[in-house]
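Right, one structure below, let's go through it.
All values derive from a computational prediction rather than experimental measurement.
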Amino acid sequence: STRIQQIRELEHEGDIITGKVVGVTNDGLVVDVGLKSEGLIPISDFDKGEQDFKMGDPIEVLLLRKESKSGQVLLSYQQAQEIRHWDKLEQAYKQNAILDGVIKRKVKGGVNVELFDNEVFMPASQVGLSYIKDLDTMIDQAVRVKIIKFDRLKMNIVVSQRVILEEEMRHKKEILWAELQEGQIRKGWIKNITEFGAFIDLGGSEGLLHINDISWG
């Protein structure tokens, strides 16, 4: 038909297209993408072999082949999702956006962080403001990261939480120094103790509390 011819001209193998679920079987989903035959997405294409689509639902798929040797349209839901996830990661990189992730595992030189169902690398030096010796303690912890390296061709992404913490520290320091005045009473946290006194974190910058000013004795 004319409609099929138009779709064939517009849609190419390797395109992400939206189809409609026209069948749900034990083997997977039957999807109509407007071509002369329907495509089957195997149940293995879904996480843990489960899917929540129903008859009539729209579904975004990758068009692998318009017609296989058996005459079927070859589609992939999983690969379409992976491409969309990479699109989101690339957009976040270009916008210098902060992303919420979870540290999944320790790897050589750092940890892997899950973002949009993808695991990306965060070097040990980029996990915190100071070096964290035991990275195993960070497993399953939520983190906020920025993408500092993105190479789609090599499928290489590097993220950092440290750059966010440093930005926040600089902001706190600017606010603190704008507020500080001699004679103020302020609350602080002891960061380090030495022979000559203690270093106190005032919430963005540290000050020295000399040993002679700690107490009367």
Side-chain angles (χ1 to χ4, degrees), residues 16 47 80-217:
I16 293 179
D47 290 338
Q81 291 297 298
E82 289 176 356
I83 291 172
R84 288 301 188 221
H85 292 160
W86 274 85
D87 289 343
K88 290 178 182 178
L89 290 168
E90 185 171 14
Q91 184 179 23
Y93 173 67
K94 291 178 178 179
Q95 295 177 348
N96 197 33
I98 295 176
L99 300 173
D100 294 318
V102 176
I103 295 178
K104 300 302 291 184
R105 70 191 81 254
K106 178 182 175 181
V107 296
K108 183 178 180 180
V111 293
N112 276 1
V113 178
E114 184 177 73
L115 295 176
F116 301 124
D117 291 331
N118 289 76
E119 287 194 11
V120 300
F121 179 64
M122 179 159 64
S125 62
Q126 299 300 315
V127 177
L129 285 172
S130 56
Y131 181 74
I132 299 174
K133 186 175 182 180
D134 187 4
L135 291 175
D136 287 321
T137 61
M138 301 295 294
I139 304 302
D140 294 329
Q141 285 199 22
V143 288
R144 296 172 303 141
V145 299
K146 283 187 176 182
I147 299 173
I148 57 175
K149 182 178 180 181
F150 184 91
D151 190 329
R152 191 158 188 161
L153 292 177
K154 295 181 180 179
M155 300 186 71
N156 181 29
I157 297 177
V158 179
V159 299
S160 170
Q161 180 171 237
R162 180 173 179 170
V163 294
I164 298 174
L165 299 176
E166 288 177 340
E167 288 172 3
E168 292 176 346
M169 185 63 71
R170 283 194 295 268
H171 183 61
K172 286 180 180 179
K173 186 176 290 188
E174 290 173 0
I175 294 175
L176 176 67
W177 281 96
E179 295 176 347
L180 278 180
Q181 292 181 9
E182 290 184 13
Q184 285 180 337
I185 297 177
R186 302 190 68 100
K187 183 178 180 179
W189 295 264
I190 298 173
K191 299 295 291 184
N192 190 28
I193 297 176
T194 68
E195 293 181 356
F196 52 84
F199 285 93
I200 311 298
D201 181 3
L202 297 175
S205 190
E206 292 184 5
L208 172 64
L209 177 59
H210 196 274
I211 191 170
N212 293 335
D213 292 317
I214 291 178
S215 68
W216 290 104

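- Of the possible polar contacts, one joining the Gln184 side chain to the Gln181 backbone as a donor-acceptor pair under 3.5 Å is found.
- Counting only heavy atoms from C-beta outward, the side chains of Ile200 and Arg186 never approach each other to under 4.5 Å.
- Heavy atoms only, all atoms of each residue included: Ile132 and Met138 are closest at CD1-SD, 4.0 Å.
- The two residues Pro123 and Val159 come nearest to each other via the heavy atoms CD-O, 3.6 Å.
- Between Glu168 and Leu165 the shortest side-chain heavy-atom distance falls below 4.5 Å.
- Looking only at distances, no side-chain donor or acceptor of Gln161 sits under 3.5 Å from a matching main-chain atom of Gly128.
- Using a 4.0 Å cut-off between a side-chain N of Lys or Arg and a carboxylate O of Asp or Glu, Glu174 and Arg170 do not qualify as a salt bridge.
- Nearest heavy-atom pair, Phe121 versus Lys108, reported as atom, atom and distance to 0.1 Å: CE1-O, 3.7 Å.
- Summarising the geometry, atom NZ belonging to Lys104 is positioned 6.0 Å from atom CG belonging to Asp140; distances are rounded to the nearest 0.5 Å.
- With Val120 as the partner, the side chain to side chain contact (heavy atoms under 4.5 Å, CB included) test is satisfied by one option alone out of Val111, Leu99, Ile157: Ile157.
- Residue Glu167 forms a salt bridge (Lys or Arg N to Asp or Glu O under 4.0 Å) with just one option from Lys172, Arg144, Lys146, and that option is Lys146.
- Shortest non-hydrogen contact noted between Ile83 and Arg152 is O-NH2, 3.4 Å.
- Nearest heavy atom pair, residue Met122 against residue Val145, reads SD-CG1, 4.0 Å.
- Residues in residues 128-178 take part in these ring pair (Phe, Tyr, Trp, His ring centres under 6.0 Å) pairs, two or more places apart or across chains: Trp86-Phe150, Tyr93-Phe150.
- The distance from the OG atom of Ser205 to the CG atom of Leu176 is 6.0 Å, given to the nearest 0.5 Å.
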Kindly determine whether Leu129 and Met169 satisfy side chain to side chain contact (heavy atoms under 4.5 Å, CB included), including the steps that lead there.
CA-CA 10 Å; Leu129 285 172; Met169 185 63 71; 3.8 Å; yes
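- Between Ile16 and Ala80, the shortest heavy-atom distance links the atoms CD1-O, 3.9 Å.
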